[in-house]
Amino acid sequence: MNTREISPGPSLSRRRFLTATGVLGAGAVLSACGGGSSSPGAEPAEGGGGATGYDGPDVDLAFWNGFTGGDGPFMQQLVDQFNTEHPNIAVKMTVMEWADYYAKIPTAVQSGNGPDVGIMHVDSLSTNAARNVIVPLDDVAEALELREDDFATAVWSAGEYDGQRFGIPLDVHPLGYFYNKAVLESAGLDPESPPMDRESYEAALEQLKSAGIQGHWMSPHNFTGSMTLQSLIWQFGGDLFNEDGTEVTWHEDAGVQALSWMVDAVNTGYSPTDVGQDADAIALQNGQAAFNWNGIWHINTLKEVPDLQWGVAPLPNIGGTQAAWAGSHNFVLTRQRRPDENKQEAARVFINWVSQQSIAWAEGGQVPARNSVRESADFEALPEQSALAQQVDYLRFPPSVPGIGDVFADFNQALNEAVLQTLEPATALSEAAERAAKKLEENRERYGG
């Protein structure tokens, strides 16, 4: 398992991203950390405040993350600037593939070789908290005078587990609506006014079909089909789980309506029958499709395509309720075998500083979680990111339940079976829900929930 210091690299791999966010089952890799005999959050950080800076002796901070793609250089620039402005704190950033990161960090923490500061996706916080890999940050939030009002409400709440805070949110990265202006214009549609509701969206798909264009390629894969289906379920008024995450609900009426809408697009010829991994994104770039629901990270990818005429907007409202899938990177502090108060205080200074300076991170293709940065003139000057930030009040995250990522393998299987038409949507979702319910029960026993 190799680690390295960050260097400029290609844009974020879709497969890497899925593994990172738990869609492929993040909970399973944590079993190497042992049973976790103590309660979540044992040995919390107890350093000084950090809100006003650090004036202690020189310290070195190990900062781990999985920013191996195009976002990595932006974070390295922030680290370099921080080190320049804080001569008594030396932050060394080590990056690795997200899958390796989540597999390595529990063992490293257990052996006393974990990082001082880390980044985790919001849907991995509860699992790592339950395994005692990361510590509560309520004292950090209090020391830095961070409040819910400082952040997007949904992502602030998503960082809590079992009554305690385990993540300080850095960003949100939502699903967005990308459209090819040239393709729309070729079919007689307004390239500056893409359809934003179900009626106009379906009418546009029909008009595109008449022009020989399959307008929206429905992915049967985790990326981006799973994120699309999740968004649609919420838009149709449903949910993936009940409120406390103890029961699966994606097979109920809203889920069937959402998945049926995707399948109907294939049946009516609005989409090809077997879309390959990433083919939906490539089709938009190549002028074969008009629409692509993809992540905000896709912005910088499209900017690199010569002469491409494209736009981006919040997701169309297909089901009647505004909703969109999103992920989020959160700062975490790992459990330390021998806590060092100076390092803990310096870590707080680093987290707070990056959070305040996160406009540079937004340029890498993110929406800042911090309201003051998101509402700044500098962020407004990023038109594509600002367009997707309009969704911030209705972004959705999975419930804070340990091992929640494990069950998405079943969800994604249902998506694949239905879109590829090997099972009817209702059957695929129901069978997947039955399998997932067993996993939820097993996880409650495993994590003591």
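In this chain, residues are counted from 1 in sequence order.
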Between D171 and W361, is any side-chain donor less than 3.5 angstrom from a side-chain acceptor? yes
Among F291, Y270, Y179, whose ring-ring contact (aromatic ring centres under 6.0 Å, His included) with Y201 holds? F291
Checking the side chain of T249 only, and the main-chain atoms of D239 only, is there a donor and an acceptor separated by less than 3.5 Å? yes
Looking only at atom types and distance, does a side-chain atom of Q391 sit under 3.5 Å from a main-chain N or O of P314, one as donor and one as acceptor? no
Only one of L229, D278, N294 passes side chain to side chain contact (heavy atoms under 4.5 Å, CB included) with T224, and that residue is N294
Does a side chain donor of either Q421 or N267 reach within less than 3.5 Å of an acceptor in the other side chain? yes
Hey, can you tell me if W325 and H173 have their rings parallel, tilted or perpendicular (30° and 60° cut-offs)? tilted
Closer than 4.0 angstrom, basic N to acidic O: yes or no for R198 and E202? yes
Aromatic ring proximity, centroids under 6.0 angstrom, F67 and W98: yes
Heavy-atom closest pair, residues L315 and A323: CD1-O, 4.0 Å
Is the gap between the ring centers of W293 and F178 under 6.0 Å? no
Other residues, nucleotides, ligands: >12 heavy atoms within 6.0 Å of E206 CD: yes
D410/R435 ion pair, N-O < 4.0 Å: yes
Donor on one side chain, acceptor on other, E417 and Q413, under 3.5 Å: yes
Taking the side chain as every heavy atom from C-beta outward, state whether Q357 and L78 have any atom pair closer than 4.5 Å. yes
Can you see whether Q336 engages T334 through a side-chain donor-acceptor pair at a distance of less than 3.5 angstrom? yes
Is there a side-chain contact between H329 and H121, using heavy atoms and a 4.5 Å cut-off? yes
Do P169 and W156 have side-chain heavy atoms sitting under 4.5 Å apart? yes
Measure from the side-chain N and O atoms of S111 to the backbone N and O of A108, and report whether any donor-acceptor pair falls under 3.5 Å. yes
4.5 Å side-chain heavy-atom contact, Y101 and S124: no
Do S400 side-chain atoms and D162 backbone N/O form a donor-acceptor pair below 3.5 Å? no
Which atom of A360 lies closest to which atom of F74, heavy atoms considered: O-CD2, 3.5 Å
Between N352 and L146, is any pair of side-chain heavy atoms under 4.5 Å apart? yes
Of L137, N65, I119, which is the lone residue that meets side chain to side chain contact (heavy atoms under 4.5 Å, CB included) with F331? I119
Whether over 12 other heavy atoms sit under 6.0 Å from E424 CD: no
I'd like to know whether N180 forms a side chain to side chain contact (heavy atoms under 4.5 Å, CB included) with Q288, so could you lay out the CA-CA distance, the side-chain angles of the two residues, the decisive distance to 0.1 Å, and finally the verdict. CA-CA 9 Å; N180 186 312; Q288 296 172 282; over 6 Å; no
Whether the D197 and S200 side chains hold a donor-acceptor pair (N or O, under 3.5 Å, no angle test) is what I'd like checked. yes
Could you check whether D139 pairs with R165 (Lys NZ or Arg NE/NH1/NH2 to Asp/Glu carboxylate O, under 4.0 Å)? no
Rounded to the nearest 0.5 Å, what's the gap from CH2 on W217 to CG on D274? Could you check? 10.5 Å
Between L415 and G225, the two heavy atoms sitting closest are CD2-C, 3.5 Å
Test item: V140 and L333 side chains (from C-beta on) under 4.5 Å apart, heavy atoms: yes
Using 30° and 60° as the class boundaries, would you call the ring planes of W250 and F408 parallel, tilted or perpendicular? tilted
Check whether Q356 reaches the backbone of R370 with its side chain - one donor and one acceptor, N or O, closer than 3.5 Å. no
Are T321 and N317 close enough that a side-chain donor and a side-chain acceptor fall under 3.5 Å? no
Give the minimum heavy-atom separation between V367 and A389, together with the two atoms involved. CG1-CB, 3.8 Å
Is K303 close enough and on-axis enough to W310, meaning under 6.0 Å and within 45°, for cation-pi? no
So do V248 and V407 actually touch side chain to side chain, heavy atoms under 4.5 Å? no
Does Q230 reach the side chain of R396, with side-chain heavy atoms less than 4.5 Å apart? no
Closest heavy-atom pair and its distance - S271, M218: OG-N, 2.9 Å
Could you check whether atom CD of E375 has more than 12 heavy atoms from other residues, nucleotides or ligands sitting under 6.0 Å from it? yes
Could you tell me whether the side chains of D150 and N371 share a donor-acceptor contact shorter than 3.5 Å? no
Without swapping roles, check the side chain of H298 against the backbone of G176 for a donor-acceptor pair under 3.5 Å. no
With ring centroids as reference points, do W64 and Y102 lie under 6.0 angstrom apart? no
Just checking, any donor-acceptor pair under 3.5 angstrom between side chains of E304 and N300? no
Within the 3.5 Å criterion, strictly below it, is a donor on S126 or N128 matched to an acceptor on the partner's side chain? no
Verify, without hydrogens or angle tests, whether K104 (side chain) and M96 (backbone) share a donor-acceptor contact under 3.5 angstrom. no
Can you tell me which residue pairs pass the ring pair (Phe, Tyr, Trp, His ring centres under 6.0 Å) test with a partner in residues 425-446, sequence neighbours excluded? none
For T427 and E431, does a side-chain donor sit closer than 3.5 Å to a side-chain acceptor? no
Sort out for me which residue in T273, V263, V419 forms a side chain to side chain contact (heavy atoms under 4.5 Å, CB included) with P220. V419
Taking all atoms of both residues into account, what is the closest heavy-atom pair of V135 and R335, and its distance? CG1-CA, 3.6 Å
